[in-house]
Protein chains: 2
Amino acid sequence: MAPLRPAAPRVLRITDLSYTYHGADRRSSEGACVASVRHEGPAESAGPARPTSRDVARRAGVSQATVSLVLRDKWHGRVSPGTADAVRAAARDLGYRPNLAARSLRLGRTRTALLVVPALTNEYFARVHTGAARVAAEHDFGMVLYPSPELAAPAPDPFDSARAALDGVIASSMAVEALAALRSGGLPLVMLDSDPEGSEATVNLDIADGMRRIVEHLVGLGHRRIAHVTAAVDSWTFHARARALSDALSGTPAALVHTERADLTVTGGLHAASRALSVTPRATALVCDDDVLAAGACKAVRRLGLRVPGDVSVTGFDDLSLATAVEPELTTVRLPAEEIGATGMRALLAVLEGRPPDTGVLPVSLVRRDSTGPPAAFTG
Amino acid sequence: MAPLRPAAPRVLRITDLSYTYHGADRRSSEGACVASVRHEGPAESAGPARPTSRDVARRAGVSQATVSLVLRDKWHGRVSPGTADAVRAAARDLGYRPNLAARSLRLGRTRTALLVVPALTNEYFARVHTGAARVAAEHDFGMVLYPSPELAAPAPDPFDSARAALDGVIASSMAVEALAALRSGGLPLVMLDSDPEGSEATVNLDIADGMRRIVEHLVGLGHRRIAHVTAAVDSWTFHARARALSDALSGTPAALVHTERADLTVTGGLHAASRALSVTPRATALVCDDDVLAAGACKAVRRLGLRVPGDVSVTGFDDLSLATAVEPELTTVRLPAEEIGATGMRALLAVLEGRPPDTGVLPVSLVRRDSTGPPAAFTG
DNA sequence: CTGAAAGCGCTTACAG
DNA sequence: CTGAAAGCGCTTACAG
């Protein structure tokens, strides 16, 4: 690890640190010391303790219950408008924020959902998060993210790690072995892009249709020998891609001539594609499980002195921004990532309200770009 | 929005839904109904209520306080080993998990930190998260992520959105206007890659040194006319990059001949680089604020019928996986993303414990690849 | 229209 | 070695 160049340490203001301390031995300080200081004068605003609804009540001259009623907007017909205004003014003056731990404890729910994704390094999951968080916000829900460090790692425990109190969980594209840990949480669970047999509520992408469209496209261009670069990741979505590809090829004049597993990185794609292209007779098209693998595959083609798509066509999956960052731009399957996140959050809300979740399969589309073309020998 | 193809809705098991209900009117059900059922027999295991420490105590035949002592591992010398074993067995049998909201309320802290990042779409932040979460886990801290939806959006309120109770906040590369919202939370705050004047505790990257190395490299290759493709993002790190570039160029034979602002996307980089290259006399090297911009810049060069690096050299910043996904692979500055995350979390832990945080500046390094070379006309 | 009280589930001094 | 009790800050029936 590189050495740290020290900079002059900064002194923290006591107000910044105070939050830390007031919990440690709150019992003594709160009851005996701080509370009394607070009553004695200006220490109130400079004091270390975070204001509670009691403080707001005291300042507004009302009971603590009235503060709660007003701030939760349940005061109409129960508290006079003048009193309500006084409470809001006091809360504003003190910078009051309700203690969410206390609220959660009282209510038994938190209006917070956890999104579990295999890794943050993929733009796809960032988009899933965006869609889910948008719907969550529309329903006054918070959204917390747990990146399960490694798909291959021993089953993680998101309920220990993301310590937030949670109402429910959305998990996307998890490894098979991670599912048990998720289920053990006992929370309502919605799975995205996962085995529909394995879970109560699932929102999926039409992976099979995506592969079918790729095959149609390649076969239509004249390709007859196709190799598959699969992601060496043990999750349903990649198993589904492999199955869908071989299903889609049956009944066409084209054949799957080789399959090669790859680490889900550019380098992984490069190595796997190199191996796949060393098989003779050589495939004229490489179907890759992911845009990242496709980017690596394109590099492999060039390192062999061949061209994309002149000698070898390459297809991706996902339509990440990477697909248009490389040249040639990738022909790929666009996954509606934001939409699956949004639909997943809606399904979770339904489960939480006791309604049947609107699970289903979201359509995908083929994006034709420049990494595919007719095979060199093809005269059709 | 594309239509949803409906799938057969699945019926959820009651045990999955139960968690939802037990909070809504827990008072009546818990006190009157469920608790009594629980005592009457097998309803205990099938019952909807999540077990509490009281349930564990009842099963183990001890007081509720003893359960807490044992499970928090504070029982040595206070509880007999046999009793401790009985408590652990009972907890296991019931699948007991402590209610974190209650624990947080009681302790006044949560051992949870919030990481605020401008966007999830960037691999850099994923790596920062990885580093921070690793250190957090080593100290039995949880880590929760809040992607501030848009750098340019009205100041977000992470404390409303990430509803978890939090002990502190780490914020990376935030827009200037987002800082006020962060500070208003009143929580201990560590800033990463941010203005050291603007915050109490800051961990930074040696951005200036990175730019200096790029300039040395380019000037050494013979470049004399350099253009800068800046990210149109109002955050300290990009202001720092601009300042560092012009500082580094002064005193060299090279000049900054043009600056062009770009949206932080491949397309943004492409457009900005096109504009920059239309200025005459043309720059022989494009210094880009980010690898994503550099990828776009390379495309722009080729669209003008020029080659990288033969006619125009291009440099990036960050060393994302994108840097080696494109061809030619990018010469760029590698930022120790995981390390800044880890150092930031260590600084936050220090603040929380009242120690002076180990803030500082982390070194960066230049990675020479294939997107830079001597300028065409150079005969040095 | 307003207040006093109960209780969510936990942790920890304190008393035995 | 073990238990009874207080209290974290909040929400919501309930009584006036």
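Note that the structure is predicted; figures quoted are calculated from it, not measured. To find a chain, count down the sequence lines: A is the first, B the second, and so on, and within it residues start at 1.
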Chemist: Any donor-acceptor pair under 3.5 Å linking the side-chain atoms of B:D167 with those of B:T112?
Modeler: no
Chemist: What is the distance from CG of A:L105 to C1' of D:dG9, rounded to the nearest Å?
Modeler: 9 Å
Chemist: Output all residues satisfying side chain to side chain donor-acceptor pair (under 3.5 Å) with A:S172, sequence neighbours left out; order by chain, then residue number.
Modeler: none
Chemist: Report the nucleotide, chosen from D:dT2, D:dC10, C:dT2, that has the shortest atom-to-atom distance to any side-chain atom of B:V79.
Modeler: D:dT2
Chemist: Of all of residues 69-78 of chain B, which get a heavy atom below 4.0 angstrom from DNA chain C, listed by number?
Modeler: B:L69, B:R72, B:K74
Chemist: Restricting to salt bridge (charged side-chain N to carboxylate O under 4.0 Å, His left out), what partner residues turn up for A:R88, sequence neighbours left out?
Modeler: A:D85
Chemist: Let me know the distance between CG of A:N99 and P of C:dG9, rounded to the nearest Å.
Modeler: 17 Å
Chemist: Grab the CZ-C1' distance between B:R103 and D:dC10 for me, whole Å please.
Modeler: 20 Å
Chemist: Could you state the interatomic distance from CZ (B:R346) to CD1 (B:I170), rounded to the nearest 0.5 Å?
Modeler: 10.5 Å
Chemist: Please tell me if the side chains of B:L105 and A:N99 come closer than 4.5 Å, counting only heavy atoms from C-beta onward.
Modeler: yes
Chemist: Can you tell me which stems DNA chain D forms when a stem means 3 or more consecutive Watson-Crick or G-U pairs under 3.5 Å?
Modeler: C:1-3 with D:14-16, C:5-12 with D:5-12, C:14-16 with D:1-3
Chemist: Are any non-hydrogen side-chain atoms of A:V169 and A:P188 less than 4.5 angstrom apart?
Modeler: no
Chemist: Separation of B:L107 atom CG from C:dC10 atom P, in whole Å?
Modeler: 12 Å
Chemist: Considering residues at least two apart in sequence or located in another chain, which fulfil the side chain to side chain contact (heavy atoms under 4.5 Å, CB included) criterion with B:R72?
Modeler: B:S68, B:K74, B:R103, B:L107
Chemist: Would you kindly give the CZ-to-C1' distance between A:R58 and C:dG3, to the nearest whole Å?
Modeler: 15 Å
Chemist: For A:D93 and A:R59, what are the C-alpha separation, side-chain angles and deciding distance, and is it a salt bridge (Lys or Arg N to Asp or Glu O under 4.0 Å)?
Modeler: CA-CA 9 Å; A:D93 293 349; A:R59 188 176 181 108; 3.6 Å; yes
Chemist: Taking only heavy atoms on the protein side, list every residue of residues 61-68 of chain A lying under 4.0 Å from any atom of DNA chain D, sorted numerically.
Modeler: A:Q64, A:A65, A:S68
Chemist: Using whole Å, what does the distance between atom P of nucleotide D:dT11 and atom CZ of A:R106 come to?
Modeler: 9 Å
Chemist: How many whole angstroms separate atom CG of B:L100 from atom C1' of C:dC10?
Modeler: 10 Å
Chemist: Side-chain contact test, heavy atoms from C-beta onward, threshold under 4.5 Å: evaluate it for B:M174 versus B:V116 and give yes or no.
Modeler: yes
Chemist: Below the 4.0 Å mark, does D:dC10 have OP1 or OP2 next to a side-chain nitrogen or oxygen of A:S104?
Modeler: no
Chemist: Work out which heavy atom in B:V70 is nearest to a heavy atom in B:A84; give both atom names and the distance.
Modeler: CG1-O, 3.7 Å
Chemist: Test of understanding: with side chain to side chain contact (heavy atoms under 4.5 Å, CB included), list the residues that count as partners of A:S63, not counting sequence neighbours.
Modeler: A:A65, A:T66
Chemist: Starting at atom CZ of A:R54, determine the distance to atom P of D:dG7, rounded to an integer number of angstrom.
Modeler: 11 Å
